[in-house]
Structure formats: structure tokens, C-alpha cells
Amino acid sequence: MSRYSAAEIEAKWQQAWDRAGIFKATREGDKPKYYVLEMFPYPSGRIHMGHVRNYTMGDVVARYKIATGHNVLHPMGWDAFGMPAENAAMASGGHPKDWTYGNIADMRAQMKPLGLSIDWSREFATCDPEYYGQQQALFLDMLAEGLVYRKNAVVNWDPVDMTVLANEQVIDGKGWRSGAEVERRELTQWFFRISDMAEELLEALDGLENWPAKVRLMQENWIGKSRGLQFAFGLNEGPDGHDRVEVYTTRPDTLMGASFVGISPDHPLAKTLERDNPDVAAFCVEARKGGTTAEAIEKAEKMGFDTGLRARHPFDTSCELPVYIANFILMDYGTGAIFGCPAHDQRDFEFATKYGLPIIPVFEPVEATDEPLTEAFVPPKSEKTRFVRGFAGDEVQTGDAAVNAAIEFCEQNGVGQGVTKFRLRDWGLSRQRYWGCPIPVVHCETCGVVPEKKENLPVQLPYDEDGTPIDFGVPGNPLDRHPTWRDCTCPACGAPATRETDTMDTFVDSSWYYARFTAPHAATPTDLAEAEYWMNVDQYIGGIEHAILHLLYSRFFARAMQITGHLPKKAIEPFNALFTQGMVTHEIYQTSDAKGRPVYHLPEDVSDGKLADGTPVEIIPSAKMSKSKKNVVDPASIIAAYGADTARWFVLSDSPPERDVEWTASGAEAASKHLARVWRIASEVANAPETATPEADEALLREMHKAIDEVTKGVESFGFNAAIARLYAFTNTLARSTAGKAAKTEASLTLAQLMSPMTPHLAEDIWAMLAGTGLVATAPWPLADPAMLVDENITLPIQINGKRRAEISVPHDMPKSEVEKVALAHDAVIKALDGAQPRKIIVVPGRIVNVVI
RNA sequence: GCGGGCGUGAUGGAAUGGUAGACAUACCAGACUUAAAAUCUGUUGGGGCGUAGCCCCGUGUGGGUUCGAGUCCCACCGCCCGCACCA
């Protein structure tokens, strides 16, 4: 072979790795372990460039760790349950199981040519009964520990599809599929008791030093800890059982400014009133309407209904506050009731203005004015504010100090107590869906809700082996409609009973898969010895879109699995380091149809800004690749055209890994050319002279050691784009070098090693071509010789008053005083000084000289 | 509204407080070629002058700290992301 042929060498070296079995992870050996994991894919059927980028980054880490003497675990699996499979079955017949396993086979076939260092013997899909059966066992253990419970909850209910919708699936108050007006409905659902761990999940964030600060902050905000006062207003003439209303406030310092009390339409008091008063009932129905999305909330008008009830102010019993039912008060935060302080809260201000309620300021700016308020004054924490109508006289208080003083005062006077609340709510896991992990419980008329016996696990989803076809053509949960699947016997009393037909949220599946990878075929959820050895995940890599839910749920599960004895204590935080990579983007090519509607075109159909028939396209700036905008490039076609190494090299170059990278045809072309060039340079080493000047040899080897040093630092710090830039520079040096054969061979072998994490096939081929020992994949990573990193003579810039004016060449270890002398002797410095003495000379060894005049 | 991040050539982007623009793309010029492709070489932040060279300006805007600021601090402008009737 005289030319670089990706197609030939990639298949060849993948087979060589397979034969050598170098990626199979075993517990033997005394090397330190390293567990690298990328977020596993949903089997949609096609891999996309985002997958390529994600898995390439993980592969760089894994291969680098292998080369640096680690025992590496690098597994892959499939997040295989979920709605798309059911939707596909609904749309075109077939069965979600067949659809999913077909997609997995397709995607695996697309992924293997990438040459990833994956231990495929550990592969599993979350829809394998072997996996979800263990998940059911885990669920039962969590149930026994009280980590899961049932309760009534308000959900978005689509009356046409007859299913619960997630908030993201409610658009303009309507179901995303059916278009039907979404109802708020109370259903009995299963919940994980994650809110009990709110404090711990929050505090432990501090220890996650190798997580992006952004992700930690997002989780912190999501958990939403707040400190406030909880107390009750006494009610005048409240209905039976309602002589008081509990409220929670983070601003007790504004209590003297209260002018109304508001309760949620779902508040028990509102529900009592609703029974006897049709006007209240009508209002509550109206107020409960609309989704819970941000968009819906934005549009909803603030509505209140005066119940006629009056609440007594705890510090001024002569002051009576009207009690309103208001549509903006949420039942599931705080107590579902608030007091309104219009002077210091914008939302309360708007409400008070609409309903003509008094606005009573309690703080005033230091520079007070007599003008009436036009908007609420929210005292900024940094600004001095004065506590005017205070409990503690005229004392000056600001921010938290005012809040704390108010809580203290209230507690001393027997009005409520300081409490800490969290925004984080328990995690509802019930889904009225077929394609998910069945919740392994049984409903018995005499025994109630009974856990299934472990020996009966897995509770398997019905297929249609027994000739009972499952109908996905109609809305609702097919498990509910199945003629026989629900029928079972009560595990407790043996009487006929029915199965729970709800399945688990797919986030459950992905909350512990990382633990299962350590022993994917164990007869229990985990094998403690394996988990003890392999956990934690040393490096986790995935998209920022999972910053909150998946990562928070996984942190909860790691704790729950420890409580239930399925993970060792050390795995309380499952991911030691997290890296969130950016997306792959592409320009969008658009034309318009006869009616002016946009028509999108695939990149492969556009060249030079024109379609094949010469029609010019409008180019819309780069955005995330999406099928609807057709700005997608199929990895398979890139691999076919250029090879996997080119795709790998390109997604890593150009942009920092945490940022988006724009896929361009010219960039892919350039990457491919470069790899061919490297191959050619290496193949031409044989033509180099046997002997060359010692200077040329040394210059090349010095450059080689600098490249080793910088590429190593780049790979270790996720600076893959910088490492690649350095490899380009080193390749240029090698190409131009006049060094002899021995030095060039050494340099080329090292170049192959440094490239091997990114372009493993090319590296392997060069390694073999130049008679490297064994496989480059398992060759020890090269070490930079510190002595070779510093040149004998260095160039020092000379600044005059901080501006670069000249440079000198001096030995690298020349003492400061000598450097000073050389600098002062320079023509430019003499000219600038014009006979005067410098005021100051700063010499930073190896860096710079600054002469201050 | 609350929280966070980012602004550097035509473009993607480099730069532990120490020579701004590494590396790459694009463009232009040259070599090789009948020609093209491929390959190789070179130029490219702006302005100026007495043009083998030298000078001035330059990292969103305005200030500040420092011998020295793309980098640190303050204010402003613009863009992006997360959360949100959260009491």
C-alpha cells in the first residue's frame, strides 16, 4: 500500500484489537482502575454527530488511561425504554420491542466502525428483562426502606390520549399529540422520597470539585433551599375545621406590610368553600385551568376571588386582612397560602392594584421620597434600608439580618417558627405507558397494595407469544387493556388480584445503569465486590441537558442503593468527575415554496450556496443538527467517504470540547488531508539520510519532547483542540526537518502515539509501518524529558515601559543581573534611555525584561 | 424577575498577569503540470513613513489596579444559557 486508505486500515486494526481482547475489562492485575463512561444513547435508530463527539471524547480518555497504565472500564449500553418506541408502534404498527431491538442492532453496527475502546461484553439495554428485573428488585428494596411511597398528586392529564403528560408535553395548555385541552387531575402515583435527601444532596455538591461549577449551581438552584417563617393567621368566622391559615414566607421582615392573605385554589380551605358556594367553585375551576409550563404561566392573568373571610394580623389584631383565592398560588410549595405585601413584592403589588388593596411600605430607601409608589420596592441586599414599622423599633437592618431579626422576634412572641424549605419535590415515577419497567406491585382487595415476591421477578411486559396481540392503535395504556396480563394472585394471601399497570419513568432506568455495568450479568442488582472495585465512575461525559434531572436522580439512587445494600459507601457520589460537552452544529440551507413557507435542504444537496438545479439557498447560521431543519450530516456517510479517524479528528479539533463545534465540509476535508499527510510523512521516513547534522536531529527531538509535554497536558485537561493544534505544529516541524532516519523514526513513532487516542487506526498503522513494538493501543505513553523542554538559548522580549521594543537571545540559565546587562546594552534600550538611568528593571526569568524609564 | 456565562482577524479559535492572533479554515500569489486534481512554498489585524527597515493603533465601551492587562476590579452595552407566579 502506497497511499493512506482509511477503509483498509480501519477494519484491519479493529480486528487486531478484537483478537487481542485489549478492551475487555477484568478485575485482575495490580494496575489502578479507571472507569470512563459516556451517557448511554437512546436507540433512535441512527447515530448522529453528537454521539460521535461524545464517544470520541470518552475514547480519548479511555485510550490515554490504558496507555498510562490503568485498568480501564469503558462500557456501552442502551437507554431503551420510552415513548418514541410506542409512538412508532402507534404510527406504523409493529411492536415497541421489535422496533427497539432493531434500532439497537442498527446503531451498534454504525458505532462499531468508529473504533471505540469499548468492552462490548458488558453491553445491555434497559429493556432487557434481565436489567429491568433487577430494577424491580431494587424498587422492592427501596419500598421496604420507605424510599418509595404512594400518594395523590395533581398531574397534567390528556383526556384524549388518556395518559399523564410531562410539563414539556403540554403546549399552550394542550396535549402535544392530541391537541386536547389538558386537565389537572388528581391521581394516585408512586413517588421516590428524594426531597428527604434535599439537604444532603445540596451539601454534597461542595465535594464535587471535578464537576462544572455551572452544573453544581443549577442543581443548587433546583434544590432551592430557603429559610423563612411559618406561622398562622387566625380566621374570623371560618368554616368548620378552618379557624386558621398557615403561611410560609421568606420575607417575615415585611409582615407589618401585609394587606391580604392568598390561598391556592387547591388549598383545603378553598375546597371546603367550593362545596357550599357555586361562585367559589366556578372560580376554582377557572383558576385551575391551564398548564404548568412557563409559557402558560407567563400568559395567565392574575385572578383573585375574595372569599369574604377575614384574617387577623398576628401583631395587630385590630387589623383584618381579606382572604383571596388566587390562581398564582401553588399548592405544592410552602403551605399553599401566602400573605401579600404589595409594597415590597412586585406580584403582590400588581394584585393589590387590581383589587384596590392597601399598599403599606415597611422599608424605605435611605433617600426617601414622598411620591406614591408606582412599583414594589424590593430592598436590594447590598443597599442600606431602614426597618421602619418594625418589631424591633427603628433599628437599621439589611437583607438577611432583617429576616433573621424578624424570625427571632416572631419566635419570641409565639408567632410561628423559623423553618427551612426546599423547592425540590418528590419524584413521581408512575407513567401510564406500556414500554417501560413494570412497577412490581399487586393490588389485592383484602391486602391492599402488596409488593411482588422477588422470586417472581422479573414482572415481564407481555409480548404476544401466547397469541394475544397488544393493540397500540388506540390511546391509553395497553397494559390496562390487556385481557390477561393484569390477572395474578396476591403474594400475601394468594387470592386473585390485579397487577399495577403503571410503568416507571425512564429516568429510573438511567439512574443506576452505571452501577450495573460493573457486573452486568449479576443475579442481584449489583455485585458488591465488583462495585467496590470499579466504582466510582472516574470520568463521566455527556450533554449539559442532563445537568439537573438525570444527574440529580443518579445521585439520589446512589444513596438509595447504599441504604439498600447494593452499593458500597464510597459510591455515595457516583461520578467523581463530570464533563459536559458541546453540540455539533451545522449551517441551515433554506429556500421557500410557492406559498412562502420555508423548505430546508440537506448539506449534501447544496454546493457553493446552490442546489443542483442552480437555485441559490439562504444560509441560516449554524444551529444544533436537527432532522426538521435538515442540517444533519450522517456519520455513516462521513466514515464511508473519509474514514472514522477523520470524523474523530474533526469533532475534536477547532472548538474547545465544552463548546459547540460547527461541522463544515471544508473542515472535514482538511482533517482528512492532514491524516493522509501524516501517513505519507511517516512512510517517507525511510528515505531520510542515515546520518544528518547533530543539530537537525537535536532540534527535532527537542520539538518532540515539547509536543509530548503539551499534548499530554492537553489530553489530561480536556484541551483536545489545543492538543490537536500542537500535533499539527509538530507534524509541520517533522515534515520540514532535515534530521536523519533514526531521529525521524523516533519522532514519527512518538507522533503516532500522541495521536493514538484520537486517531487510533492511523496511529496503529504508522506504528506497525515503523516497526513499533506490539500495538500502539497498549504501548506505554511517552514521557517528556524535562531537560529537552528548555532550549540552551532563549529569546527574551524586551519591553520599554511595558511595550515590546526589542528582543535578545541569552542562555536559558543566565542570572538576572547578567540578563539586565545584556538588555541595557541593546541599541533600542540605549536609544530610549538617551543617556538617562532607568528607574526600574524587571526581569522575569525565561519570560520577559521590562525597562521602566 | 433571579442565577450563571461569554464578547479576540474574513471564520473556528490560541494565549499559568509577561512577545496578542498559536493551530486550522477561507482568500490571494507562486512552484510542479499540456491542463486539472493532488502536493509543496509564501502572503494576509488596521494605519502610516524616508519601505532590506521603522513608527503608531489594536482583544465590545469607559474607568481603575499593576513595571506590565485579552486575562484582575468597577460601571455600561450586546449576545447566550439555566430557573421561575417558589411566597
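No hydrogens, no waters, no symmetry mates; every other heavy atom, side chains included, goes into these values. Proteins come first, then strands; the chains are lettered A, B, ... in the order of their sequence lines, and each starts at number 1.
A centroid separation of less than 6.0 Å is found between the aromatic rings of A:Phe351 and A:Phe328. Close placement of the A:Phe720 and A:Phe718 rings is indicated, their centers lying within 6.0 Å of each other.
With its glycosidic angle within 90° of 0, B:G9 adopts the syn conformation.
The side chain of A:Asp654 lies closest to B:A24 when the candidates are B:A24, B:A38, B:A87. Checking B:U41, B:A87, B:G3 against the side-chain heavy atoms of A:Tyr333 singles out B:A87 as nearest. Side-chain atoms of A:Tyr728 lie closest to B:A24 of the nucleotides B:C85, B:A24, B:G13. Side-chain proximity of A:Leu330 to the nucleotides B:A87, B:C57, B:U19 is greatest for B:A87. Here the nucleotide nearest the side chain of A:Ser666, chosen from B:A87, B:C23, B:A26, is B:A26. Residue A:Asn850 places its side chain closer to B:G68 than to any other of B:G68, B:U19, B:A87.
The side chain of A:Arg659 places no N or O atom within less than 4.0 Å of a non-bridging phosphate oxygen (OP1 or OP2) of B:G5. Taking side-chain N and O atoms only, A:Arg847 has no distance below 4.0 Å to OP1 or OP2 of B:U16. Distances shorter than 4.0 Å separate some side-chain N or O of A:Asn732 from OP1 or OP2 on B:A24. Distances shown here put a side-chain N or O of A:Arg680 below 4.0 Å from the OP1 or OP2 atom of B:C40.
Under the 4.0 Å criterion applied to side-chain N and carboxylate O atoms, A:Glu587 and A:Lys629 are not assigned as salt-bridge partners. Residues A:Arg251 and A:Asp345 are not paired through a salt bridge, judged by the lack of any N-O separation under 4.0 Å between the basic side chain and the carboxylate. Under the 4.0 Å criterion applied to side-chain N and carboxylate O atoms, A:Lys706 and A:Asp791 are assigned as salt-bridge partners.
Note on A:Ile544: nothing from the nucleic acid sits closer than 4.0 angstrom, heavy atoms only. Among the protein residues, A:Asp332 comes within range of no part of the nucleic acid, since none of its heavy atoms lies under 4.0 Å from any strand. Among the protein residues, A:Asn221 comes within range of the sugar-phosphate backbone only, with heavy atoms under 4.0 Å from sugar or phosphate atoms but none that close to a base. Across all strands shown, A:Gln799 has heavy atoms under 4.0 Å from base atoms, whether or not it also approaches the sugar-phosphate. Contact annotation for A:Ala722: no contact, since no heavy-atom pair falls under 4.0 Å across all strands. Using a 4.0 Å heavy-atom cutoff across all strands shown, A:Lys673 reaches sugar-phosphate atoms only and no base atom. The residue A:Arg736 sits close only to the backbone: its heavy atoms come under 4.0 Å of sugar-phosphate atoms, none of a base. A:Val852 comes within 4.0 angstrom of sugar-phosphate atoms only, judged by non-hydrogen atoms across all strands, and of no base. Counting any heavy atom pair closer than 4.0 Å across all strands shown, A:Arg726 reaches no nucleic acid atom. When heavy atoms are screened at a 4.0 angstrom cut-off, A:Arg677 is found touching the sugar-phosphate backbone but no base atom. Here A:Leu217 lies in heavy-atom contact (under 4.0 Å) with sugar-phosphate atoms only. Residue-level contact check: A:Asp348 touches neither bases nor backbone, having no heavy atom under 4.0 Å from any strand.
For B:A84 and B:G3, the C1' atoms lie 11 Å apart once the distance is rounded to whole Å. Using atom C1' as the reference point in both B:A20 and B:G46, the two lie 14 Å apart (nearest Å). Taking atom P on both nucleotides, B:U16 is separated from B:G7 by 13 Å, rounded to a whole Å. Remark: the separation of the P atoms in B:G18 and B:G70 is 10 Å, to the nearest Å. Atom name C1', nucleotides B:A14 and B:G30: the rounded distance is 29 Å, in whole Å. Nucleotides B:A29 and B:C81, compared at atom P, are 41 Å apart to the nearest Å. Comparing the P positions of B:U65 and B:C74 gives a spacing of 15 Å, expressed to the nearest Å. With both ends at atom C1', the span from B:G9 to B:G82 equals 32 Å, rounded to whole Å.
With hydrogens and angles ignored, the 3.5 Å screen pairs no side-chain donor or acceptor of A:Arg648 with any backbone N or O of A:Thr759. No donor-acceptor distance shorter than 3.5 angstrom exists from the side chain of A:Asp654 to the backbone of A:Glu662, with no hydrogens or angles considered.
Remark: P of B:A87 and CZ of A:Arg347 are 8 Å apart, rounded to the nearest angstrom.
Nucleotide B:C54 is matched to B:G48 when pairs are restricted to Watson-Crick or G-U wobble geometry with both distances under 3.5 angstrom. B:C6 is paired with B:G78 under the Watson-Crick or G-U wobble criterion, all donor-acceptor distances under 3.5 Å. Judged by Watson-Crick or G-U wobble contacts below 3.5 Å, the nucleotide B:U34 has no partner. Base pairing of B:G1 is made with B:C83, judged by Watson-Crick or G-U wobble geometry with both donor-acceptor distances under 3.5 Å.
For A:Tyr248 and A:Ile724, each mapped to the nucleotide of RNA chain B holding its nearest heavy atom, the one lying further toward the 5' end belongs to A:Ile724. Taking the nucleotide of RNA chain B with the nearest heavy atom to each of A:Ser655 and A:Val849, the more 5' of the two is matched to A:Ser655.
Aromatic ring orientation, A:Tyr728 versus A:His674: tilted (interplanar angle from 30° to 60°).
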